[in-house]
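Have a look at the structure below, then the notes.
As the structure is a prediction and not an experimental result, all values here were calculated from the model. Counting starts at 1 for both ligands and their atoms, following the listed order.
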Amino acid sequence: MFCLGDIIGWLPWGDETLKTIINFRIESVAGNHELLVSGTLTDNPEQIDRMQATAYTAGLLANKPDFLTFIEKLPLTIEESDFLVLHHNPFTLPKQNEKISIEHFSYFDESILDHYKSDWPNHPYRLIFSGHDHVPMLFELTSKGSVRKHPLPVLEERYEIKLNPSSKYWIKAGAVGGPYRDSIPSACSLLYDEENETLIFFRLEYDKEKIFRRLRNHRFFRNISTIQKYLRVLKR
Ligand SMILES: [Fe+2]
């Protein structure tokens, strides 16, 4: 089981999510939010609301050295036999000795696929799993070098796709929390069934009313613009 990063960040319960990840011994990569809270990255000055969330979480964890040590030690990538796990774009990872910056975590735009079309066939891993963009997506690079996006049904609880053994895939898992980017408040996760060469995308229900109440009553977070968007999605 892997967590694709951003265990903490946009919601005010980073201590609870970290505790869960640590207690269940879930292997995780570092997301930009862990790197921001640990002080490894400095945010873009225009990201005021993200900086507010980072400052809050840094304060929340300030007297929890075990949690801070845990996030400082998270790797950028986890490499398995035929797949790579990372938070963001496998083609913009910092080079050896290059200092990591927030620029390495730009949001996903499909036009970047064209940009990396020539690098992708040489990428050592057949499957790449990433998070960051909150919205599940699946891209296939065929043996002939063409890239195609698979449409994923947004309202299905479970969606299974058979993989083509001669293709490579970039699999964006979506987000468990903060699902405001595609306006569908359900938690995304996925299962890779190695034996049957299938991917199963899940959209799981959670207690939306409870989250809405806790956020609306949170004196600091309810004023963060990104959280206000999330509250509107939950209310709808
Ligand atoms: Fe992220």
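Inclusion of His88 in the first shell of the Fe ion (ligand 1) is not supported: no N, O or S atom falls under 2.8 Å. Taking backbone and side chain together, Asp133 holds no N, O or S atom under 2.8 Å from the Fe ion (ligand 1). Checking His33 against the Fe ion (ligand 1), every N/O/S atom stays at or beyond the 2.8 Å cut-off.
Side chains of Tyr56 and His218: a donor on one and an acceptor on the other come within 3.5 Å. Between the side chains of Trp10 and Thr226, not a single donor N or O lies within less than 3.5 Å of an accepting N or O. There is no side-chain donor-acceptor pair under 3.5 Å between Asp182 and His134. Side-chain atoms of Thr198 and Asn196 form no donor-acceptor pair, as typed in the model, at a separation below 3.5 Å.
Of all N, O or S atoms in Asp6, the one lying closest to the Fe ion (ligand 1) is OD2. Taking the Fe ion (ligand 1) as reference, the nearest N/O/S atom within His132 carries the name ND1.
In summary, Arg214 and Glu16 engage in a salt bridge, as defined by a charged side-chain N under 4.0 Å from a carboxylate O.
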